[in-house]
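To start, the structure itself, in structure tokens.
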Amino acid sequence: MPPIRRASLADQAADALLARLRSGEWAVGDKLPGETTLAPQLEVGRSTVREAIRRLAGIGVLTTRQGAGVFVTRLDTPSGLDVLLDGAAIDAVLEARIAVEVEAAALAARRRTEEDLDAIRAALAIRGAHRADLVRHVETDTAFHRAVLAAAHNPVLLEMFDGIAAHLRRAMIDMLRTRAGEFGGDDDQRSHAELLAAIERRDADAAARLSREHLTGMISDRGAR
């Protein structure tokens, strides 16, 4: 990688990191190397790397988790939709999920393959194993719902879900932080298992109903607080 020599080193470093993200060097959810590793690669100081990371975090590309490091939350700069979603209320994000996921659940029940079921089962098991840590709970929950979307075999719905996924994770984390540990309980895990069971038996009506009940219940819970 050529050295960065122009005046705004932090902007240059941010652009270089963004180019590496776009190239596929890191995926969403990956942890970035530390400042001591990145600084010599970019041929800048650690303070410049820190500022570059701060700038990318400010537009939602990276996120810093205290005590854990810096993680990738998206692979490009925000689009017009991203800017809109960044300012959207949590209820608006949940309503968008209903619009996408309820129909996807019904389609998944009709179209799922054995490979799809294996993926959903695996995602559910991983989700169940990460119910104590809020961030990991949200990440594994998002992965479960994406596995259901993939089973619908509708690339447009999947693209729509992926388009809001980063915002969904942030909105869910913000929402659950207000619940003082009330997340990932047995009833919640059971409701996801029931959705899987409906998809397994190809019951499209039940899959759609369970998906809608889960998401509208989250909106109702927020309104009751």
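Heavy-atom basis, side chains included; hydrogens, waters and symmetry copies ignored.
When only modelled atom types and interatomic distance are considered, Glu25 and Ser23 share no side-chain donor-acceptor pair under 3.5 Å.
Annotation: the span from Leu196 atom CG to Arg112 atom CZ amounts to 9.5 Å, rounded to 0.5 Å. The structure places CG of Leu124 at 4.5 Å from CD of Gln189, a figure rounded to the nearest 0.5 Å.
Val138 pairs in a side chain to side chain contact (heavy atoms under 4.5 Å, CB included) with only one of the listed residues (Leu134, Asp141, Val135), which is Leu134.
A salt bridge is defined here as a Lys NZ or Arg NE, NH1 or NH2 lying under 4.0 Å from an Asp or Glu carboxylate O, and Arg212 with Glu101 fails to meet this definition. Contact check on Asp203 versus Arg110 returns no salt bridge, with no Lys/Arg side-chain nitrogen under 4.0 Å from an Asp/Glu carboxylate oxygen. The existence of a salt bridge linking Glu51 and Arg55 is confirmed by a sub-4.0 Å separation between a basic side-chain nitrogen and an acidic carboxylate oxygen.
In this structure Arg111 satisfies the side chain to side chain donor-acceptor pair (under 3.5 Å) test with no other residue, sequence neighbours excluded. Residues passing the side chain to side chain contact (heavy atoms under 4.5 Å, CB included) test with Ala119, sequence neighbours excluded: none. Under the salt bridge (charged side-chain N to carboxylate O under 4.0 Å, His left out) criterion, Arg136 pairs with Glu139, sequence neighbours left out.
The aromatic rings of His214 and His145 lie parallel to each other, with less than 30° between the two planes, well short of the 60° mark.
Between Thr73 and Val28, the closest side-chain pair of non-hydrogen atoms is not below 4.5 Å.
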